[in-house]
Amino acid sequence: MKRKTALVTGSTSGIGLGIATRFAEQGMNVILNGFGDAREIESLRTGFASKHGIEARYDAADLSRQDQIEAMMAKALREFGAVDILVNNAGIQHVAPVEEFPVDKWNAIIAINLTASFHTIRLALPAMKAKQWGRIINIASAHALVASPFKSAYVAAKHGIAGLTKTVALEAAEHGITMNAICPGYVWTPLVQKQIPDTAKARGITEEQVINDVLLHAQPTKKFVQIDEVAALAAFLASDAAASITGGILPIEGGWTAQ
Ligand code: NAD
């Protein structure tokens with residue numbers, strides 16, 4: 001995978017950071033994206049470049065903004081010629097009953113968790129087609145397959161990503177390009193930690209009950225999925241060995257959706 005270029009959206013934290021780290025270790029050039037402390041992000045970027053001898057870049061694009069996504073993709077294509085591996089990972093969550101769901105939160109979740117991927121995909125595909133090689137990996141969720149109450153926007157966006165994945169996989173299949181959705185169960189990241197107080201409020205239970213009776217209850221393994229496990233699946237999908245896996249909606253959720 002040396003000298004291939006990977007763009008991982010939302011890679012300053014959690015799952016995206018795990019995937020970007022794995023790709024850098026494999027010798028890919030990596031473009032980081034996401035919010036966070038500027039000094040920490042810069043030391044992450046320089047660490048990637050010096051430890052692994054790769055080109056590591058950072059783009060601060062806000063993925064709720066079409067103009068900023070377009071600028072990020074144009075810069076990546078100008079500097080690297082193609083985004084060989086595109087990982088649509090950036091995401092946010094909000095937990096509330098639908099009749100109380102803040103309209104601005106609905107709009108932000110649909111923009112970041114769904115529409116941003118439409119933009120990155122449509123802008124990445126021409127260069128992938130020119131090279132007759134590409135990998136698009138969408139970090140969806142078990143919530144692309146099943147619902148939970150109080151997560152209407154998130155579940156709608158993630159089901160949407162599943163549909164987008166299948167559609168574009170068909171359009172790109174004859175060009176050496178695969179597109180799959182990884183569907184993790186609960187992974188212990190800031191996104192999950194931040195939703196615990198609101199879930200406790202919406203369900204009228206304690207935060208400890210949220211962890212044991214809602215989150216871990218969903219997963220027969222009774223364990224959180226590990227970031228490294230998701231990164232390993234992404235690395236496999238990015239490899240040549242996964243050339244025939246496309247249009248897949250792939251659960252990695254401790255058996256949640258088998259029930
Ligand atoms: P996280 O909060 O640790 O990371 C989210 C990343 O997205 C951060 O880098 C953040 O800066 C970035 N981001 C948020 N809004 C952005 C914006 N407007 N523009 C650019 N970047 C933005 O969360 P995570 O748990 O690692 O989530 C990553 C993905 O995995 C999300 O799509 C999430 O839905 C999905 N997922 C997470 C879990 C889980 O249990 N943690 C389960 C299933 C799916």
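Computation of the quantities below employed the complete heavy-atom set of this structure, encompassing side-chain atoms and omitting hydrogens, waters and symmetry-equivalent molecules.
Hydrophobic clustering (side-chain heavy atoms under 4.5 Å, transitive across Ile, Leu, Val, Met, Phe, Trp, Tyr) keeps F48 apart from I31. Hydrophobic clustering, with ILVMFWY side chains joined whenever heavy atoms are under 4.5 angstrom apart, keeps I252 apart from L145. Residue I85 is grouped with residue Y58 when hydrophobic side chains (ILVMFWY) are merged at heavy-atom distances under 4.5 angstrom, including chains of intermediate members.
Taking both residues in full, the closest heavy atoms of S117 and N88 are given as OG-CB, 3.4 Å, listed atom of the first, atom of the second, then distance. Scanning both residues, A258 and E253, for their nearest heavy atoms gives N-OE2, 4.2 Å. The minimum heavy-atom distance between D59 and K75, with the atom names listed, is OD2-CD, 4.3 Å. Closest heavy-atom contact between A169 and T246: CB-OG1, 3.5 Å. Residues A140 and A181 approach most closely at CB-CB, 4.1 Å, considering heavy atoms. Among all heavy-atom pairs drawn from A24 and I54, the shortest one is CB-CD1, 3.7 Å.
Separating the CE atom in M73 from the CD1 atom in I121 is a distance of 9.5 Å, to the nearest 0.5 Å. Interatomic distance, OG1 of T115 versus CZ of R65, reported as 14.5 Å (0.5 Å rounding). Distance check: I139 CD1 to T9 OG1 gives 8.5 Å after rounding to the nearest 0.5 Å. Expressed to the nearest 0.5 Å, how far CD1 of I41 lies from OG of S13 amounts to 10.0 Å. In this structure, the separation between CE on M128 and CG on L123 is 11.0 Å, given to the nearest 0.5 Å. Rounded to the nearest 0.5 Å, atoms OG1 (T199) and CD1 (I205) are 8.0 Å apart.
Not one N or O on the side chain of N33 forms a donor-acceptor pair closer than 3.5 Å with the backbone of S11. A side-chain donor-acceptor contact under 3.5 Å links Q259 to the backbone of W256. Remark: side-chain polar atoms of S141 are not paired, donor with acceptor, to backbone N or O of C183 under 3.5 angstrom. Remark: side-chain polar atoms of N29 are not paired, donor with acceptor, to backbone N or O of F80 under 3.5 angstrom.
Between L114 and F118, the closest side-chain pair of non-hydrogen atoms is not below 4.5 Å. Put simply, the side chain of L125 reaches to within 4.5 Å of the side chain of I136, judged on heavy atoms. Looking at heavy atoms from C-beta onward, I211 lies in side-chain contact with F224 at the 4.5 angstrom threshold. Residues R135 and L237 are not in side-chain contact: their nearest non-hydrogen atoms beyond the backbone lie 4.5 Å or more apart. A heavy-atom distance below 4.5 Å is found between the side chains of I137 and I182.
Listed by chain and residue number, A82, D84 satisfy the side chain to side chain contact (heavy atoms under 4.5 Å, CB included) test with K131 (two or more places apart in sequence, or in another chain).
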- Worked check of side-chain contact (heavy atoms from CB on, under 4.5 Å) between I227 and V187: CA-CA 7 Å; I227 289 173; V187 187; 3.7 Å; yes
- Task: Show the numbers, then the answer: is there a side-chain contact (heavy atoms from CB on, under 4.5 Å) between F23 and T5?
- Result: CA-CA 9 Å; F23 285 178; T5 297; over 6 Å; no
- Query: So I15 and L191, side-chain contact (heavy atoms from CB on, under 4.5 Å) or not? Walk me through it.
  - Reply: CA-CA 10 Å; I15 294 169; L191 181 139; over 6 Å; no
- Task: Using the side-chain contact (heavy atoms from CB on, under 4.5 Å) rule, take K194 and T189 through it: C-alpha gap first, then chi angles, then the decisive distance, then the call.
- Result: CA-CA 9 Å; K194 279 187 246 161; T189 67; over 6 Å; no
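Within the structure, no pair that satisfies the side chain to side chain donor-acceptor pair (under 3.5 Å) test touches residues 98-108, not counting sequence neighbours. Residue pairs meeting the salt bridge (charged side-chain N to carboxylate O under 4.0 Å, His left out) criterion with at least one partner in residues 198-226, sequence neighbours excluded, are absent. For residues 21-43, the salt bridge (charged side-chain N to carboxylate O under 4.0 Å, His left out) pairs, not counting sequence neighbours, are E42-R45. Annotation: side chain to side chain donor-acceptor pair (under 3.5 Å) contacts involving residues 48-57, sequence neighbours excluded, comprise E55-R57, R57-E79. Pairs passing the side chain to side chain donor-acceptor pair (under 3.5 Å) check and including a residue from residues 151-175, sequence neighbours excluded, read Q132-H175, N138-T165, K151-Y186, K151-Q195.
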